[in-house]
Amino acid sequence: MNKDPSEAGDRSGDAPTEISPPPGLSAEAGPLFDLWNAKRAGRAMPARRDLGPVELRPWLAQIMLLEVIEGGRDFRIRLLGTDAVQGVGVDVTGRMLSEIPAAPDLLVRFLAEYRAVVASARPGRALHDYVSPTSGRRIVFERLALPLSDDGTTVNMILALRRDLIGR
């Protein structure tokens, strides 16, 4: 995930005025980043309530909404789009991220990437290439992780987009 200290801003309430998209972000994921950035409205990050289902409609099948547990110790999957369910191989809505059926090394990467978003309060992007433990197929996907905050300072949710590039 991307973390640029020069853009980090002061997490005590001074929001960075300009946040650039994470390096390597695809043209398909860019509009979701742009929506998130516009919804900041001068804050470090928007709140979950700022992003409604009508606005998110183009990405609903591909998004995950994760609740941050104990500062990032783990993440509860609150929403999992239908394409994301197919990518995981099973619906894990309501479960902890640490409990999803994934290769252990991949799960460690997922947790580290989301923890970096929580720690930096900044968007992150990752590219994953792995063999699915449920289907045995090679899967390559891009993930955009966008922090959300009810109080404008502490990341309490992450809106993540999973966009498959190869496989499923």
Side-chain angles (χ1 to χ4, degrees), residues 1-85 87 92-98 100 108-128 141-165:
M1 295 293 200
N2 181 46
K3 185 175 171 183
D4 182 350
S6 68
E7 297 178 344
D10 179 353
R11 298 218 26 220
S12 65
D14 292 336
T17 56
E18 188 174 322
I19 296 178
S20 299
L25 189 63
S26 69
E28 293 82 1
L32 181 58
F33 170 83
D34 293 341
L35 175 65
W36 173 89
N37 204 19
K39 293 293 184 171
R40 288 189 314 115
R43 300 170 291 175
M45 65 202 101
R48 166 64 188 99
R49 67 182 169 274
D50 296 326
L51 296 160
V54 172
E55 293 171 306
L56 294 173
R57 181 171 290 154
W59 306 282
L60 282 177
Q62 300 171 316
I63 62 172
M64 293 175 42
L65 189 59
L66 302 152
E67 176 187 358
V68 179
I69 305 297
E70 297 175 10
R73 179 188 59 78
D74 208 341
F75 302 85
R76 183 174 309 282
I77 301 165
R78 291 292 179 191
L79 173 74
L80 188 63
T82 54
D83 287 356
V85 169
V92 292
T93 303
R95 292 176 59 186
M96 302 299 273
L97 184 63
S98 62
I100 67 169
V108 167
R109 286 177 55 198
F110 290 167
L111 287 165
E113 291 161 3
Y114 288 132
R115 287 173 180 149
V117 169
V118 170
S120 68
R122 306 283 300 189
R125 186 239 183 217
L127 189 64
H128 293 278
F141 70 92
E142 171 185 42
R143 176 171 322 182
L144 171 63
L146 301 166
L148 303 173
S149 174
D150 285 341
D151 67 9
T153 302
T154 304
V155 178
N156 67 314
M157 299 198 95
I158 294 175
L159 175 65
L161 174 71
R162 175 196 164 121
R163 199 176 73 73
D164 288 336
L165 304 173

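- Distance check, rounded to the nearest 0.5 Å: CE of Met45 to CG of Asp50 gives 11.5 Å.
- Stacking of Arg143 on the aromatic ring of Phe110 is recorded, both the 6.0 Å distance cut-off and the 45° axial limit being met.
- The nearest pair of heavy atoms linking Asp150 to Ala47 is OD1-CB, 4.1 Å.
- Annotation: side-chain contact (heavy atoms from CB on, under 4.5 Å) contacts of Arg109 (sequence neighbours excluded): Leu106, Glu113, His128.
- In terms of heavy-atom proximity, Val117 sits nearest to Gly124 at CG2-N, 4.0 Å.
- Side-chain contact between Leu51 and Leu159 is present, with heavy atoms from C-beta onward closer than 4.5 Å.
- Listed for the Trp36 side chain is a donor-acceptor partner under 3.5 Å among the backbone atoms of Pro147.
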Determine whether Leu80 and Val92 satisfy the following criterion, side-chain contact (heavy atoms from CB on, under 4.5 Å), listing intermediate values before the conclusion. CA-CA 7 Å; Leu80 188 63; Val92 292; 3.6 Å; yes
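- Here the side chains of Pro123 and Leu146 are in contact, with some heavy-atom distance below 4.5 Å.
- Using a 4.5 Å heavy-atom threshold, the side chains of Leu161 and Phe33 count as separate.
- Side-chain atoms of Leu148 and Val155, non-hydrogen and from C-beta on, never get closer than 4.5 Å to each other.
- The closest donor-acceptor contact from the side chain of Arg43 to the backbone of Arg40 lies under 3.5 Å.
- Of the N and O atoms on the side chains of Asn156 and Thr154, not one donor lies less than 3.5 Å from an acceptor on the other residue.
- Between Ser120 atom OG and Arg115 atom CZ the span is 14.0 Å, to the nearest 0.5 Å.
- A donor-acceptor pair under 3.5 Å is absent between the side-chain atoms of Asp74 and the main chain of Ile69, judged by distance alone.
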Worksheet item: side-chain contact (heavy atoms from CB on, under 4.5 Å) between Arg122 and Ile19: does it pass, once the steps are laid out?
Response: CA-CA 8 Å; Arg122 306 283 300 189; Ile19 296 178; 3.3 Å; yes
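- If you take CZ on Arg48 and CD1 on Ile158, they are separated by 14.0 Å, rounding to the nearest 0.5 Å.
- With respect to the salt-bridge test (charged N to carboxylate O, under 4.0 angstrom), the residues Asp83 and Arg163 do not qualify.
- Contact between Gly71 and Val118 at its shortest, heavy atoms only, is O-CG1, 3.6 Å.
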Can you give me every donor-acceptor pair (side chain of residues 59-67, partner residue at least two apart or in another chain, under 3.5 Å) with its distance?
residue	atom	partner	partner atom	Å
Glu67	OE1	Arg78	NE	2.7
Glu67	OE1	Arg78	NH2	2.4

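- Glu142 has no carboxylate O lying under 4.0 Å from a charged side-chain N of Arg162, or vice versa, which leaves the two without a salt bridge.
- To the nearest 0.5 angstrom, Leu32 atom CG is 10.0 Å from Ser26 atom OG.
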